[in-house]
Number of protein chains: 2
Amino acid sequence: MFPDSSPTISFTPLKSKRAFEEISAEIKRLVFQGILKPGDKLPSETELARQFRVGRQTVREALRLLELSGIVAIQKGSNGGPVIKDRILATISSLMHDAFHMKKISIEELTVARCEFEKVVLKYVIDTIEESDIKSLQYNIDKAKQKLGNNMLAIEEHIEFHILLAKASKNHFFVIVMASIMALLRALLCQVEENLESANDNIGYTERIIRSRNTLIYHEGIIHAIIEKKQDEAVQLLEQHLQEVRNRLQPFIK
Amino acid sequence: MFPDSSPTISFTPLKSKRAFEEISAEIKRLVFQGILKPGDKLPSETELARQFRVGRQTVREALRLLELSGIVAIQKGSNGGPVIKDRILATISSLMHDAFHMKKISIEELTVARCEFEKVVLKYVIDTIEESDIKSLQYNIDKAKQKLGNNMLAIEEHIEFHILLAKASKNHFFVIVMASIMALLRALLCQVEENLESANDNIGYTERIIRSRNTLIYHEGIIHAIIEKKQDEAVQLLEQHLQEVRNRLQPFIK
DNA sequence: TCACATTTGTCCGTATGTATC
DNA sequence: AGATACATACGGACAAATGTG
C-alpha cells in the first residue's frame, strides 16, 4: 500500500517542513491521487511508524492533522485504527463556526451573503435540475411533512433542502459554500432555540411548529416554480422565505 | 434519517472526548471569550502539561489541533512557544483547497462560481467602499505597475486585488469565500505555468507579461468605475476580464 | 460471561535541532 | 561563541477501549 521506492519527481524541501507534516502530506497525496479511497483502512500507528521510519508520536501528530482536515477518522480498539473518510465539508463548516465565534462573521453578514448566494444557485438550478434532483427534494419535503404531522420540528430537513438545491446546480463549489452556510445557520438557530427555551414556556413550541410548517410551504412553492421553470416566481418565493428567516434572527443581531 | 423512536437530537458523546481535545477546546474558549487575544503568548509545552496535569504529548496534540484551526502559531527556539494568532481565514482557504482535490471541483465550476460571486460582491462594494479601501486598491495597482515596469509578473498583486475588493464589501463571509476562490485559482495558475514552462521557450514569458499588463488595465478600469458609482460599467469590465481568464484556462479544462 | 489480542490514549525519559541573548 | 530555552523527535511503558472467540 505504501510505496517504499518513490519515483516521484517532486523534490520536497528537507528542513522547512516538520516530519509529521511530510507524513500527512504524503498520505493526502495518496488520497488525492485516488490510490487511497474512503473506506480504506490505514495501517496501525505502530505499523505506520515502522514504514515511515519515525516514532509513533510523529505518526500520531500527522494523524491529528489528517483528522482535522476531514480526511481520516480514527477508531479505537481491536479492528480499529485510521480509516480514510471524506468529512472535509463538515470540517470546513466547523472552521467557519470558529470564524463566526471570533466575531469575524456577523449574523447580518451571513444572512445577506446567504440570500445573494441562494439567488445565484437558483438561477443555475432552473437549467440544470434533473429528475433525480426533483425526487430528492420531494423526498425531503415528505420527510418534513411526516415529522410535522407528528408535531415534530423539521429543522434538519429544512437545512438539507437548501443543500439539495445546491447539489441540483451540479456545481460542487456551490455545494461546499451552501453546506458551510447552512452549518453555520444551524449552529445559530440552536443558540436561538436555547435562548427561547430558557426564557419562554412551551407555548413557544407551537409557535415554532407553525413557522416550520410555513417554511415547508415555501419550500414546496420553490420546487413547484423550478419545475415549471418560472425563475422569477422561484426567486420571489426564496426572497420572501429568507426575509422571514432574517426577521426571526433579527432580535439576535447585536 | 432512519425511522427511529428518538427524535432528531444530536447526542454529544460523553466519554469519547480525548484529553487533547478538551485542552484544545478550553484554549479555544478562552480565545473566543476574549481572555486570550492574538499576540498573547501561551506557556511552553512543559508548563501547559504541568498546569493541565497531563503529559507533554497530550499538550502537543492539542497544539496541533489549534495550529490547524488557525488559532495558534508555534515558534521554535528560545523565546518561542505557542502564540495566539488569527490565521483562521487562511486555514479555511487551505481546507477549501483540499476539498477542491477531493470533490474534484472542475476549473469550469470554479470559474463559473467565481464570476457570479464577484458580481455579487461588486454590487455591494459600490455602496460600501470607503476611502481607505480605495487607497488599498490603488496601492495594489501601484505595486503591480512597479513589478511590470521591471518586466516582472504581478500575479500575487492581481490575486490580492480581488480579495481587497471583497474586503471593501465589509462582509467577512464574502472575504472568506473570495480568499478561498483565489487560493484555488493561484494553485491552478501555478500548474498552468509549470506546463507552459516545460513545454515552451521563454517567448511565452513576454506573452504572459502582456497579459499581466492587460489584467492591470482591467483592474484600473474597475476601480475607476466603482469610484464613479457606475455599477453597470464595473460589472461589464469584470465580466470581460473574467472571460479572458476563463479563455486562458480553457485549454486545461479536461 | 470471560478472557484475549489489537489498537489507540497517555505518560515518562532522553536526545537533538534551532532560535535568541 | 557559548549558554539558554524551547520545539521536535525517538523509544519504552502502561492504561483504556473494542472486537473476537
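A note on names: the letters A, B, ... follow the listed sequences, proteins ahead of strands, and every chain is numbered from 1. Side chains are part of it too, since the values below use all heavy atoms of this structure and drop only hydrogens, waters and symmetry mates.
Within residues 55-67 of chain A, the residues having any heavy atom under 4.0 Å from DNA chain C are, by residue number, A:R56, A:R60, A:R64.
When every heavy atom of A:F174 is checked against every heavy atom of B:A113, the shortest pair comes out as CE2-CB, 3.6 Å.
Distance alone, capped at 3.5 Å, is enough to place a donor-acceptor pair between the B:N171 side chain and the B:F173 backbone.
Across all strands, A:P82 comes closer than 4.0 Å only to sugar-phosphate atoms, never to a base (heavy-atom distances). If you check every strand for non-hydrogen atoms under 4.0 Å, B:A49 touches nothing.
Between the P atom of C:dG9 and the NZ atom of A:K76 lies a distance of 7 Å, rounded to the nearest Å. Residue B:E47 contributes atom CD, which lies 13 Å from atom C1' of D:dA5 at whole-angstrom precision. Per the geometry, CZ belonging to A:R50 stands 13 Å off P belonging to D:dG11, to the nearest Å. Regarding A:E45, its CD atom lies at a distance of 16 Å from the P atom of D:dG12, rounded to whole Å. The CD1 atom of B:I74 sits 15 Å away from the C1' atom of C:dT18 (whole-angstrom rounding). One interatomic measurement links the two molecules: CZ of B:F20 to C1' of C:dG9, which rounds to 8 Å at whole-angstrom precision. Atom NZ of A:K41 and atom P of D:dG19 are 11 Å apart (whole Å). Here D:dC10 presents its C1' atom at 15 Å from CZ of A:R53, a figure rounded to the nearest Å.
The salt bridge (Lys or Arg N to Asp or Glu O under 4.0 Å) pairs that include a residue from residues 49-59 of chain B are B:E47-B:R50, where partners are two or more places apart or lie in different chains. Listed by first and then second residue, the salt bridge (Lys or Arg N to Asp or Glu O under 4.0 Å) pairs that reach into residues 77-97 of chain A are A:D86-B:K103, sequence neighbours excluded.
Comparing atom distances between the A:N79 side chain and each of D:dA7, D:dG19, D:dC10 picks out D:dG19 as nearest. Comparing D:dC6, C:dT8, D:dC10 by their closest approach to the side chain of B:S44 singles out D:dC6.
Checked options B:E21, B:E67, B:E61; the residue passing with A:R64 is B:E61 (criterion: side chain to side chain donor-acceptor pair (under 3.5 Å)).
We find that A:E160 and A:K143 are joined by a salt bridge, their nearest charged nitrogen and carboxylate oxygen being less than 4.0 Å apart.
Enclosure of atom NZ in A:K28 by more than 12 non-hydrogen atoms of other residues, nucleotides or ligands within 6.0 angstrom is indicated.
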